[in-house]
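Data block below; observations after.
Just so it is clear: chains get the letters A, B, ... in the order the sequence lines come, proteins before strands, and each one is counted from 1.
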2 protein chains.
Amino acid sequence: MPSSVRSRRPAAPSARRPRKRAYHHGDLRRALLEEAVRTIQAEGVEGVTLRQVGERLGVSRTALYRHFADKGALLAAVAREGFRTFRDALAQGVAGAATAEAGFAAMGHAYVRFAVTHSSHYRVMFGGFVDACDRDPELEAEASAGFMVLVDAIVRQQATGHLRADDPQQMARYVWSVMHGVAMLIIDGQLRGADPEAEVAYAIDRLNRGIVAVR
Amino acid sequence: MPSSVRSRRPAAPSARRPRKRAYHHGDLRRALLEEAVRTIQAEGVEGVTLRQVGERLGVSRTALYRHFADKGALLAAVAREGFRTFRDALAQGVAGAATAEAGFAAMGHAYVRFAVTHSSHYRVMFGGFVDACDRDPELEAEASAGFMVLVDAIVRQQATGHLRADDPQQMARYVWSVMHGVAMLIIDGQLRGADPEAEVAYAIDRLNRGIVAVR
DNA sequence: ACCTGAACACCGTTCAAGT
DNA sequence: ACCTGAACACCGTTCAAGT
């Protein structure tokens with residue numbers, strides 16, 4: 001691997017196009033990401049195959065390695081994207097509500113709604129496919145940002161005396177556990193015979209009752 | 001498949017050995033099951049490979065097909081076994097406690113303890129690997145038996161007026177969601193930095209407070 | 001009845017080679 | 001710089017054949 005390559009940048013060969021539409025794609029990285037999401041939605045996470053993704057994009061099955069370290073990195077990128085839109089969904093849930101209490105409930109509904117409508121993303125995010133952010137610090141940051149939205153909401157409600165004065169982190173982990181449990185059982189189809197919306201509503205009621213301050 | 005086989009039980013060929021040690025194993029089915037569990041514990045569910053399992057047992061990689069329909073059936077059998085010991089663990093948790101309330105808490109601890117110490121079984125049982133009991137009615141029965149232990153405990157505590165008079169099934173689904181959420185986050189390593197025992201204790205406290213009857 | 005061995009259609013990943 | 005094609009070491013499953 002001669003390092004002289006680096007300094008030898010030949011002048012742009014034809015005019016000065018931003019991207020010269022080389023080979024098949026302008027932005028293969030983006031295309032790979034989108035195709036992966038599409039496949040996950042259609043066939044689940046284990047249905048994602050580098051060969052199939054490549055073929056569907058009219059590209060060699062090894063072209064991906066120019067843009068991602070390996071298959072795990074592809075999935076991690078999907079998860080990262082998921083965490084960003086997840087956090088937005090949560091924040092929007094809180095923002096649209098009149099009272100802090102209503103905002104809390106709205107956040108719960110938003111949580112499960114995201115898990116159900118983006119179950120492919122959700123599974124990649126929390127299903128243990130990406131090995132808990134170990135390899136991707138950016139992913140870690142995105143994930144804990146979502147957790148922070150929850151902690152903030154709790155702190156605000158503790159300040160008004162509406163929630164118990166427990167360690168907010170501890171309480172946030174509990175709230176997260178509850179919503180995660182409900183979401184997982186629903187998208188895994190384990191709660192069959194039960195209406196998902198009703199399930200969430202009941203859970204939020206009972207959850208809330210368990211953490212409010214005694215008047 | 002001639003049904004005459006059933007009535008034609010030939011006399012034991014040499015003395016009266018329980019199993020005549022044919023080929024490599026007396027009970028290959030059992031051996032396959034145990035090897036699968038061992039592999040799952042060591043390398044996770046996706047580490048289970050029919051070829052490797054066979055090789056480790058000194059048997060061809062296709063020998064398994066005499067005893068299980070396919071790989072999914074093997075995992076389903078592991079799950080079924082898991083459900084049985086799971087139910088026992090739950091029941092034992094309730095039985096060992098003095099009061100009904102203490103029994104309830106004990107059951108929660110037993111739930112998460114099982115998930116943590118048998119995380120391989122737990123993941124196969126609830127991780128969506130066996131496609132929610134669809135193919136195995138026996139598995140379905142085993143799973144709902146475990147759920148019934150929970151429903152029974154709830155009904156008993158509703159009778160004494162200790163728990164709210166909600167639909168016991170609905171309440172059981174909620175309690176299950178909470179414990180499942182806590183268990184999953186713990187065994188997925190998502191709750192890092194938190195003591196698992198403390199996490200469970202806090203969860204049970206808050207959970208309980210949310211479903212007790214108002215005095 | 002129980003197991004084998006070769007074969008088939010898949011995987012992810014590497015690497016020399018093309019443009 | 002970006003992509004290809006052949007190759008490697010893996011999969012699960014089928015099926016004719018052995019004992």
Separation of [N] [atom2] from [X] [atom1] (nearest whole Å):
| X | N | atom1 | atom2 | result |
| --- | --- | --- | --- | --- |
| Arg30(A) | dC2(D) | CZ | P | 17 Å |
| Leu32(B) | dC3(C) | CG | P | 9 Å |
| Phe68(B) | dC2(C) | CZ | P | 13 Å |
| Arg61(A) | dA7(D) | CZ | C1' | 10 Å |
| Leu64(B) | dT4(C) | CG | P | 12 Å |
| Leu75(A) | dG12(C) | CG | P | 10 Å |
| Asp70(B) | dT13(D) | CG | C1' | 9 Å |
| Leu57(A) | dC2(D) | CG | C1' | 15 Å |

* Asked: Between the side chain of Gln158(A) and the main-chain N/O of Asp166(A), is any donor-acceptor distance below 3.5 Å?
  ->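 Present.
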* Indicate yes or no for a side-chain donor-acceptor contact from Arg123(B) to the backbone of Ile187(B) under 3.5 Å, with no hydrogens or angles considered. =>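 Such a contact is found between Arg123(B) side chain and Ile187(B) backbone.
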* Can you tell me how far the CD atom of Glu34(A) sits from the CG atom of Leu57(A), to the nearest 0.5 Å? ->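 The CG atom of Leu57(A) is 9.0 Å from CD of Glu34(A), to the nearest 0.5 Å.
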[options]: which one has an atom nearest the side-chain heavy atoms of [X]?
| X | options | answer |
| --- | --- | --- |
| Thr62(A) | dG5(D), dG5(C), dT13(D) | dG5(D) |
| Ser60(B) | dT13(D), dT4(C), dC3(C) | dT4(C) |
| Arg66(B) | dC3(C), dT13(C), dT14(D) | dC3(C) |
| His67(B) | dC3(D), dC3(C), dT13(D) | dC3(C) |

* **Minimum-distance pair of heavy atoms, taken over all atoms of Leu185(B) and Ser177(A)** =>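 Nearest pair, atom of Leu185(B) first, then Ser177(A): CD1-OG, 3.6 Å.
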* To do: State, to 0.1 Å, how close Gly146(B) and Arg87(B) come at their nearest heavy-atom pair, and which atoms those are.
  =>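 The pair with the smallest heavy-atom distance is N-CD, 3.9 Å.
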* To do: Measure centre to centre between the rings of Phe126(B) and His180(B), then say whether the value is under 6.0 Å.
  =>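 Distance test on ring centres: under 6.0 Å, yes.
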* For Ala69(A) and for Gln52(A), locate the closest nucleotide of DNA chain C by heavy-atom distance; then report the residue assigned to the nucleotide nearer the 5' terminus. =>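 Looking at DNA chain C, the more 5' nearest nucleotide goes with Gln52(A).
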* Asked: Does CD belonging to Gln52(A) count more than 12 external heavy atoms closer than 6.0 Å?
  ->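 Yes, enclosed.
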* Among all residues two or more places apart in sequence or in another chain, which pass the salt bridge (charged side-chain N to carboxylate O under 4.0 Å, His left out) test with Arg80(A)? ->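 Expected list: Asp136(A), Glu138(A).
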* Asked: Given the rule that a pair is Watson-Crick or G-U wobble with both distances under 3.5 Å, how would you write DNA chain C in dot-bracket, using | for pairs to a different strand?
  -> ||.|||||...|||||.||
* Asked: What orientation do His118(B) and Phe114(B) show, parallel under 30°, tilted 30 to 60°, or perpendicular over 60°?
  ->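 Ring orientation of His118(B) relative to Phe114(B): parallel.
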* Interface residues of residues 42-51 of chain B with DNA chain D (non-hydrogen, below 4.0 angstrom) ->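 Under 4.0 Å from DNA chain D: Val48(B), Thr49(B), Leu50(B), Arg51(B).
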* Can a side chain N or O of Tyr65(B) be found less than 4.0 Å away from OP1 or OP2 on dT13(D)? ->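 True: Tyr65(B) side-chain N/O within range (under 4.0 Å) of dT13(D) OP1/OP2.
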